[in-house]
Number of protein chains: 2
Amino acid sequence: MSEQNAPDVTLSAGKGFLPGLALDAVVFGFHEGQLKILLLTYESGTCALPGGFIRDREDLNQAARRMLFERTGLDEIYLEQFYTFGDLARFDPNPLRGIMVSKGFTPPDDHWLLQRFVTVGYYALVDFTKTVPKTDGLADSCSWFDFTDMPALMLDHRVIVGKALETLRTNLDHKLIGSNLLEETFTMADLQRLYETILGKSLNRSSFQRSMLGSGMLERIDKKYGGGAHKAPYVYRFLTKE
Amino acid sequence: MSEQNAPDVTLSAGKGFLPGLALDAVVFGFHEGQLKILLLTYESGTCALPGGFIRDREDLNQAARRMLFERTGLDEIYLEQFYTFGDLARFDPNPLRGIMVSKGFTPPDDHWLLQRFVTVGYYALVDFTKTVPKTDGLADSCSWFDFTDMPALMLDHRVIVGKALETLRTNLDHKLIGSNLLEETFTMADLQRLYETILGKSLNRSSFQRSMLGSGMLERIDKKYGGGAHKAPYVYRFLTKE
DNA sequence: GGTTTATTGTTGCACTATGCGACAATAATA
DNA sequence: TATTATTGTCGCATAGTGCAACAATAAACC
C-alpha cells in the first residue's frame with residue numbers, strides 16, 4: 001500500500017474512502033530497449049509503488065484508473081488487476097510513519113493510514129514517451145526506473161512487482177501487450193527486444209519474425225532509413241488496438 | 001459477498017473482522033461426469049457462494065482456507081485467488097437484509113453487513129467424495145449443485161462464477177487441476193470427461209491419451225474390470241501431487 | 001566510386017505437437 | 001461361441017518452432 005494523496009488524504013481521517021483497502025500499480029514502460037517501472041521516492045529515502053484508495057462511491061477499477069491518471073497524465077491506459085495482497089505480515093506502520101514524520105507531520109498511533117491495509121495489485125502498460133509522471137502529496141518524486149536497476153521498495157512492494165511481471169509474462173502472447181508498450185510504429189527488432197526483455201530470455205530471430213507476421217496482428221508500413229550501416233528494416237504497426 | 005457465520009457474526013457489529021472486505025469461494029467438484037459447485041441456499045429462496053470475512057490478525061489467504069474448512073470439512077484444499085470484485089454496483093443490501101429478516105432478525109439500516117463490501121474471489125478444487133458440506137449460521141443448507149443446472153445467485157455471484165471458470169480453463173494445462181478434482185485413481189476416459197466438461201468442448205480421444213501419457217504426469221497402475229462389455233481400461237494415478 | 005560491414009527478410013530442414021482415421025485387443029454379454 | 005462396446009496404439013497429414021543459411025541492402029570506409 002502506498003498511502004498517497006497527502007496531505008489532504010493524510011489529514012482526512014480516511015473519510016470518503018473505503019477503510020483498510022488500498023491499491024498499488026506496477027506501471028511498466030519500455031524505452032531504448034529497457035523495461036521501465038514507475039516509482040515514488042520519498043524524502044526519507046524509501047521508494048514505493050504508486051498507489052491510492054477507493055472512494056465510497058467509486059468502482060475499484062475506476063479508482064485504479066483515477067490514480068493512474070493522476071500519476072501519469074494518461075487516460076485510457078491498459079490496466080489489469082492481477083492479485084490482492086492481504087498477508088498480515090505486510091502490516092507495518094513504520095515505513096509510512098517515517099515518511100510522514102519526514103514531511104513534518106507526526107501522526108498518532110491510531111492514524112488511519114497506519115492501520116492494516118489489504119491492497120489490490122494492478123499492472124499498467126503505458127507509452128513511455130507519452131507519460132508525464134507527477135508526484136503526489138507525500139512523495140518526493142514520481143519517476144521512471146530501469147526495471148533491472150530497481151531500488152529497495154517499501155513493505156512487500158517487491159513481491160507485488162514480482163507477481164506483476166509473472167502475470168505479464170504469461171499474458172504476453174494472448175493480450176496485446178506490445179501495442180501498449182511501444183510507440184505507434186516500430187521495427188521487428190524493437191518488438192523482439194521488448195519480448196526478450198519481458199521474458200528475460202533471448203528468442204530466435206527468424207522464428208520470432210515468422211510467428212509475429214503469421215499472427216496477422218501487424219501491418220507493414222514503410223522502410224526505416226538511417227538506422228545504421230545495413231539493410232533498412234520495415235516499420236510495423238499493430239492492427240488490433242483493443 | 002456472502003456474509004455468513006451468523007448469528008455470531010451477524011450480531012457482532014463486525015468487531016474482529018476487517019471492515020468492508022469479504023471473500024467468496026467457487027468450490028468445484030466433479031462426480032459421475034458432472035462438474036459440481038458448492039452453494040448456500042437460504043430460506044428466503046436465494047442462493048449464494050460460500051463466503052466469509054477476514055479476521056483482524058489473519059492472512060487473507062488463511063481466511064479463505066478457514067472458511068473452506070468450515071464449509072467442506074477439508075484441509076489442504078487446492079485454492080487459488082483469481083480476482084477481486086469491487087464494483088459499486090454490487091452494493092445492494094436488500095438480498096442480505098431479506099435473508100436476515102427471514103431468520104427473524106431485522107437489522108438496522110447501518111448494520112455492518114449491509115454496507116458496501118469488496119470481495120476477493122477464490123476458486124477451490126475438491127474431491128467430491130471426500131467433502132462433507134456444512135451450512136453456516138445464516139444459510140439453510142450448503143450443498144452441491146450441477147454446474148450446468150445452477151440456480152440464480154445473489155448479487156454478482158454469477159459473474160464471480162463465470163470468472164472462476166474462465167480462470168480454471170486457462171490454468172487447466174499448467175496446474176494440476178485433474179489431480180485435485182478426481183479421486184486417487186481413475187481411467188483415461190474419466191480424465192478426458194473432466195477436461196471436456198471444464199473446457200466445454202469435446203476432445204479427440206487418441207490425441208488426448210497421447211498427450212496425457214506423454215506429459216509424464218500419470219502413472220499406469222492396474223486394469224479396471226467390470227466396467228462393461230468391452231476391453232478393460234487401465235487405471236491411472238497422478239505422479240505429481242503438489 | 002568501389003568495398004566493407006552489419007542487419008534484415010526469407011527460405012529450407014529437422015523436430016515436435018496435434019487432429020483424425022484405422023485397427024487389433026479384449027471383457028462382458030447374449 | 002459370437003457379438004458388442006470400449007480401449008490402447010499406430011500411421012499420416014498438418015501446423016508450429018528452433019536453427020542455419022543466404023541474398024539483399026543502407027550506411028560507413030577507403
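Residue numbering restarts at 1 for every chain, and letters A, B, ... go by the order of the sequence lines. Side chains included, hydrogens not; waters and symmetry mates left out as well; all remaining heavy atoms used. Since we're looking at a predicted model, the values are computed, not measured.
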Rounded distance [0.5 Å steps], CG in B:L68 versus CD in B:E76
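Nearest 0.5 Å value for the CG-CD distance: 13.5 Å.
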
Which whole-number value in Å describes the distance from [X] [atom1] to [N] [atom2]?
| X | N | atom1 | atom2 | value |
| --- | --- | --- | --- | --- |
| B:H230 | D:dT6 | NE2 | P | 6 Å |
| B:K231 | D:dT4 | NZ | C1' | 15 Å |
| B:K223 | C:dA28 | NZ | P | 11 Å |
| B:F208 | D:dG8 | CZ | P | 12 Å |
| B:Q209 | D:dT6 | CD | P | 15 Å |
| B:Y195 | C:dT18 | OH | P | 12 Å |
| B:L203 | C:dT18 | CG | P | 11 Å |
| A:I221 | C:dT8 | CD1 | P | 17 Å |

Without hydrogens or angle criteria, can the side chains of A:T131 and A:T72 be said to hold a donor-acceptor pair below 3.5 Å?
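No pair is found: no donor N or O on one side chain lies under 3.5 Å from an acceptor on the other.
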
On the nucleotide C:dT8, are OP1 or OP2 found under 4.0 Å from the side-chain N or O atoms that A:R220 carries?
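So the side chain of A:R220 is outside the cut-off, no N or O lying under 4.0 Å from OP1 or OP2 of C:dT8.
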
C:dT18 OP1/OP2 closer than 4.0 Å to side-chain N/O of B:S207:
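So the side-chain polar atoms of B:S207 never come under 4.0 Å of the phosphate oxygens OP1 or OP2 of C:dT18.
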
Side chain of A:D146, backbone of A:D149: donor and acceptor closer than 3.5 Å?
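Looks like no, no N/O pair under 3.5 Å.
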
Ring geometry between A:F128 and A:W144 (parallel below 30°, tilted from 30 to 60°, perpendicular above 60°):
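Tilted.
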
Check whether more than 12 heavy atoms from other residues, nucleotides or ligands sit under 6.0 Å from atom NZ of A:K130, and answer yes or no.
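12 or below, so no.
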
Return yes if the base of [N] and the side-chain atoms of [X] contain a donor-acceptor N/O pair under 3.5 Å, otherwise no.
| X | N | value |
| --- | --- | --- |
| A:R205 | C:dG9 | yes |
| A:R210 | D:dG18 | yes |
| B:S206 | C:dG21 | yes |

Take A:A232 and A:N204, find for each the nucleotide of DNA chain D with the closest heavy atom, and name the residue whose nucleotide sits nearer the 5' end.
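Its nucleotide being nearer the 5' end, the pick is A:N204.
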
Earlier contact from the 5' end, DNA chain D, for A:K224 and B:Y236
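Here B:Y236 is the residue nearer the 5' end.
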
Within the 4.0 Å heavy-atom criterion, would you say A:G214 contacts the bases, only the backbone, or no part of the nucleic acid?
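Contact class for A:G214: none.
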
Minimum-distance nucleotide to B:A229 side chain [options: D:dT4, D:dT9, D:dA28]
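Selected nucleotide: D:dT4.
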
